[in-house]
J.: 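I am attaching a structure below and will ask some questions about it afterwards.
In each ligand, atom 1 is the first atom listed, and ligand 1 is the first ligand listed. As the structure is a prediction and not an experimental result, all values here were calculated from the model. For the numbers below, each heavy atom of this structure counts, side chains included, while hydrogens, waters and symmetry mates do not.
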Amino acid sequence: MSLATAPAPSFDKGLANTVAAETQMSFIDGGKGVLEYVGIDIDALARNSTFEETVFLLWNRRLPTAQELKSFTEGLRAEYDLPAGMLELIRTMPRDATPMHALRTLVSALALHDSEADAEGEDANARKAIRMLARTPALIAGFDRHRKGKPFVAPDRTLSMAANFLWMLNGAKPTDAVARALDVCLILHADHGLNASTFAGRVTISTLSDLYSAITTAIGTLKGPLHGGANEEVMIMLREIGSLDRVEPYIMERLARKDRIMGFGHRVYKAYDPRATYLKTFARQVAADTGNLALYEMSRRIEEIMAREVAAKGIYPNVDFYSATTYHSIGIDLDLFTCMFAMSRIAGWAGHCIEQLDGNRLIRPAAAYVGPHGQPWVPVSDR
Ligand code: SDX
């Protein structure tokens, strides 16, 4: 398109009304509260699929045959182990470091141990995507063991991604129910259109930088409390409230101050986030099984008050609201919640980066200059 025919640029703050990419992975209808991965409703996937099968679906645009799923799963498990040197790097980290800072650093450092780090092409990127996805659980669990002064636990290739993470984190095999709870959370968080962290990763890869750099960009972007950091903020809020009878005054006071209630609202969903729909029922069961029903009841009360006060503004629970209760119920430390989000979303980020490279164009929007013109340079002695 020549400059002469290019439409005049328009300012769209937050890019809320801008389509910046095409994707075949997830479809979102924000008005109706619909999310599909490659055309399959998220509720059906959460109830019937596994994280490994969901990743295959997102990356291959179709469900795997039994043999394909077996091979894909074996390929992931073959990459569970961290390269030599990574555990030493974890040991050098301050024990009081924020886990998302540690994770961003460690995923970035994986590139130092991958001879294909700068290799181009879809096959090389697919192999790098598998390595990052397969190794991130060990990075998170390894940092947590390090900060608690506990010995590392080697991955177990007989276990699923979810179960293997919990094994390396706790040094004990999880129950099937607890492993399934994490598996469902990983399914629900795997991809979500052009959210901020996915867009950031696409910007990075659009310069023809490498996949490790793009995923590192995305992790840094996910950390923010308006995005992936919200699940931790939900748990902090629940702890601040403390008991069911304090929910109403706390929420009403926050709303009166025009504070944002974490875990609510969404740029796209103006209806119930379909991930929260399933997670709500699931969170109740997990909370009941683990003695955390009081926490769940507080969450439900918050939702009732928000429905009464702000649903008319299209503000409903999002995926982070009930994932917080779920992660807490299965024994995940609060400051690891966003790491759980990242562990799953590497699937979406890598898929989008590979999609971006297919017909890539450098992502470089315009900025509207609103400063002065024609200013003189003034010698410092005259300033
Ligand atoms: C995720 O994009 C994705 O897909 C992200 C994600 C994914 O899977 O990748 O779905 C994951 O990030 C979910 C969102 C997690 N974030 C939070 O829970 C943080 C709290 N929510 C927000 O701050 C807010 O809802 C955003 C940032 C998520 C969306 O904000 P927008 O679209 O920029 O909307 P806005 O800030 O302009 O708010 C519009 C109105 C405002 O009121 P008015 O000034 O018009 O009177 O809604 C109000 C806001 O004050 N509002 C809230 C609110 N969120 C918006 N009021 C109270 N509590 C909230 N949570």
J.: Only distances under 3.5 Å count here; give the side-chain donor-acceptor pairs of residues 360-368 to other protein atoms, sequence neighbours excluded, each with its distance to 0.1 Å.
T.:
residue	atom	partner	partner atom	Å
Asn360	OD1	Gln356	NE2	2.9
Asn360	ND2	Ser206	O	3.0

J.: Angle between ring planes, Tyr272 versus Tyr316, binned at 30° and 60°: parallel, tilted or perpendicular?
T.: tilted
J.: Using the ring of each side chain (for Trp, its six-membered ring), is Tyr322 parallel, tilted or perpendicular to Tyr296, with breaks at 30° and 60°?
T.: tilted
J.: Would Arg91 and Glu88 pass as an ion pair if we require N to O under 4.0 Å?
T.: yes
J.: Drop me the distance from Lys148's NZ to Arg95's CZ, to the nearest 0.5 angstrom.
T.: 12.5 Å
J.: Return the protein residues near ligand 1 (heavy atom under 4.0 Å from any of its atoms), ordered by chain and residue number.
T.: His192, Asn195, Pro225, Leu226, His227, Ala230, Lys258, Asp259, Arg260, Ile261, Met262, Gly263, Phe264, Gly265, His266, Arg267, Arg275, Lys313, Ile315, Asn318, Asp320, Phe341, Arg345
J.: Aromatic rings Phe56 and Phe72: how do their planes relate, parallel, tilted or perpendicular, breaks at 30° and 60°?
T.: perpendicular
